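The shown structure was predicted, so the numbers you read here are calculated from the model rather than taken from an experiment.
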Amino acid sequence: MSGTSKFVIEKLDRQMSLRETVTEKLRTSIISGDLVEGELYSAPSLGAAFGVSATPVREAMMDLVREGLVETVKNKGFRITGMTDAELEEISEIRLLIEPEATRRALPLIPRENIDELRSLADVIVHTAKNRDPEAYLAADRAFHSRLLSFTGNKQLVEIATDLRLRTRLYGLKTLMDNNQLDGSAQEHHEMIDCVERGDGDGIYDLMVHHISHARGLWNTGAPEDTELVSEK
């Protein structure tokens, strides 16, 4: 690794799929800022930090290259790609154009028998927030929203929304967890399911607008956002 930045990563559970586990841990470290934008990291040094060989790290990094989180530097390693405030604003704007309306359209298509499944996913989000586990939190959040949008029946939409979510940097996430400030945001997922149960499309639209606004304020900086709810009813 070049540069002076330090990173701390827990060693992996070898019973899990190495490639998937390394990918998830690297992704979380990038999204939360533990791996620093602009820094070069080598597969051997990251492998040593994880307690694994360089091979699964290289494989994981190539997955993250496709996600746009890192770029390869020939004969040197991998550089964490940067994201400016303007780029984050652009991604949030696209998400606001896609996710609230898509979620509203999905709502009447969700079978009653799937509500318990969604509740369980929301429970995991709340649990991981309270346990201060950013990796599990991000994975659970991604699974929840992907499943919710899947009821639109539009696979391309789900992939685009998930990709944008993966590219969003959340540097304030760990601070919020340490200060027990993430519970309210986590609970919003249960509020979304409440909207599903009562058939409140406009309510879930507004919740999604508010939820995505955290990416520009609360989750990104650890400071409350001033974004007003925008409803198109």
Side-chain angles (χ1 to χ4, degrees), residues 16-32 35 37 56 58-72 78 80-84 86-111 114-115 117-122 124-125 128 134-170 173 185-186 188-189 192-193 195-196 201 204-205 207-216 219-220 232:
M16 300 176 67
S17 167
L18 275 180
R19 178 170 182 162
E20 292 181 357
T21 306
V22 172
T23 301
E24 195 64 43
K25 285 186 175 291
L26 284 171
R27 185 187 290 121
T28 300
S29 296
I30 294 169
I31 291 174
S32 64
L35 294 180
E37 290 183 358
R58 291 193 184 95
E59 294 173 344
M61 279 296 195
M62 294 313 298
D63 291 337
L64 298 177
V65 167
R66 287 188 285 273
E67 292 178 11
L69 293 176
V70 301
E71 59 186 6
T72 58
F78 302 89
I80 309 303
T81 58
M83 175 169 289
T84 65
E87 288 169 333
L88 177 61
E89 187 70 22
E90 289 172 354
I91 288 176
S92 297
E93 184 177 351
I94 296 170
R95 290 182 62 192
L96 284 168
L97 289 170
I98 295 174
E99 291 186 60
E101 181 59 28
T103 304
R104 176 160 59 185
R105 292 186 181 186
L107 184 145
L109 302 175
I110 300 174
N114 288 100
I115 291 179
E117 173 197 354
L118 291 168
R119 283 280 183 204
S120 296
L121 290 171
V124 174
I125 295 172
T128 54
E135 179 186 336
Y137 178 89
L138 290 173
D141 180 74
R142 189 163 63 249
F144 175 89
H145 288 285
S146 294
R147 184 61 176 136
L148 196 58
L149 290 174
S150 74
F151 291 101
T152 63
N154 189 326
K155 294 181 179 179
Q156 296 297 320
L157 185 152
V158 176
E159 289 182 7
I160 290 170
T162 301
D163 176 68
L164 292 170
R165 187 174 295 272
L166 288 172
R167 291 169 59 193
T168 303
R169 307 300 170 87
L170 308 173
L173 190 64
S185 299
E188 288 172 8
H189 298 85
M192 292 176 198
I193 306 308
C195 289
V196 173
I204 204 168
Y205 181 100
L207 271 171
M208 281 303 304
V209 170
H210 182 64
H211 197 65
I212 294 171
S213 76
H214 296 321
R216 296 183 289 182
W219 295 336
N220 187 45
E232 297 179 2

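- With rounding to the nearest 0.5 Å, the separation of OG in S150 from CG in L109 is 10.5 Å.
- In this structure T84 satisfies the side-chain contact (heavy atoms from CB on, under 4.5 Å) test together with A86, E87, sequence neighbours excluded.
- A donor-acceptor contact shorter than 3.5 Å is absent between the side chain of S29 and the backbone of L35.
- Under the rule for a side-chain hydrogen bond (donor to acceptor under 3.5 Å, both in side chains), T72 has no partner lying at least two apart in sequence or in another chain.
- Legend: residues meeting side-chain hydrogen bond (donor to acceptor under 3.5 Å, both in side chains) with N154, ordered by chain and number and at least two apart, are absent.
- Identified under the salt bridge (charged side-chain N to carboxylate O under 4.0 Å, His left out) test for residues 149-159, with sequence neighbours left out: none.
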Begin with the C-alpha distance, continue with both residues' side-chain angles, and end with the deciding distance and a verdict on side-chain contact (heavy atoms from CB on, under 4.5 Å) for L69 and I80.
CA-CA 6 Å; L69 293 176; I80 309 303; over 6 Å; no
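- Counting heavy atoms from C-beta on, the side chains of L18 and E59 never come closer than 4.5 Å.
- The line from CZ of R105 to OG1 of T103 is 11.0 Å long, rounded to the nearest 0.5 Å.
- Remark: F151 pairs with no residue by the ring pair (Phe, Tyr, Trp, His ring centres under 6.0 Å) rule, at least two apart or across chains.
- Paired with E99 under the rule side chain to side chain donor-acceptor pair (under 3.5 Å), one option of R104, H211, R165 passes, and it is R165.
- Every residue meeting the side-chain contact (heavy atoms from CB on, under 4.5 Å) condition with I98, not counting sequence neighbours, appears here in chain and number order: I94, L157, I160, L164.
- The side-chain heavy atoms of L121 and H189, taken from C-beta on, include no pair separated by under 4.5 Å.
- For the atom pair I125 CD1 and S185 OG, the distance stands at 11.0 Å (nearest 0.5 Å).
- The salt bridge (Lys or Arg N to Asp or Glu O under 4.0 Å) test applied to E20 returns no partner, not counting sequence neighbours.
- Of all heavy-atom pairs spanning P56 and V22, the tightest one is O-CG1, 4.0 Å.
- Residues passing the salt bridge (Lys or Arg N to Asp or Glu O under 4.0 Å) test with E71 are R79, sequence neighbours excluded.
- Between L107 and C195, the closest heavy-atom pair is CD1-O, 3.7 Å.
- V70 and I30 get closest at one heavy-atom pair: CG1-CD1, 3.5 Å.
- Side-chain contact check for L148 versus I110: some heavy-atom pair is nearer than 4.5 Å.
- Distance check, rounded to the nearest 0.5 Å: CD of E135 to NZ of K25 gives 4.0 Å.
- In this structure, CD1 on I115 lies 12.0 Å from OG on S120, to the nearest 0.5 angstrom.
- Within a 6.0 Å sphere centred on CZ of R119, other residues, nucleotides and ligands contribute more than 12 heavy atoms.
- Listed by chain and number, the residues in a side-chain hydrogen bond (donor to acceptor under 3.5 Å, both in side chains) with T168 amount to none (sequence neighbours excluded).
- Residues S92 and R95 form no side-chain contact, since every pair of their non-hydrogen atoms from C-beta on lies 4.5 Å or further apart.
- Taking R27 as the reference, E24, E67 meet the side-chain hydrogen bond (donor to acceptor under 3.5 Å, both in side chains) condition, with sequence neighbours excluded.
- When all heavy atoms of M62 and F78 are compared, the closest pair comes out as SD-CE2, 4.0 Å.
- Residues H145 and M192 have side chains in contact (heavy-atom distance under 4.5 Å, counting atoms from C-beta outward).
- One distance of note links CG of L64 with CZ of R66; it measures 9.0 Å at 0.5 Å rounding.
- Minimum interatomic distance between R19 and D63 (heavy atoms only, all atoms of both residues): NH2-OD1, 2.8 Å.
- When all heavy atoms are compared, the tightest approach of L166 to I31 is O-CD1, 3.6 Å.
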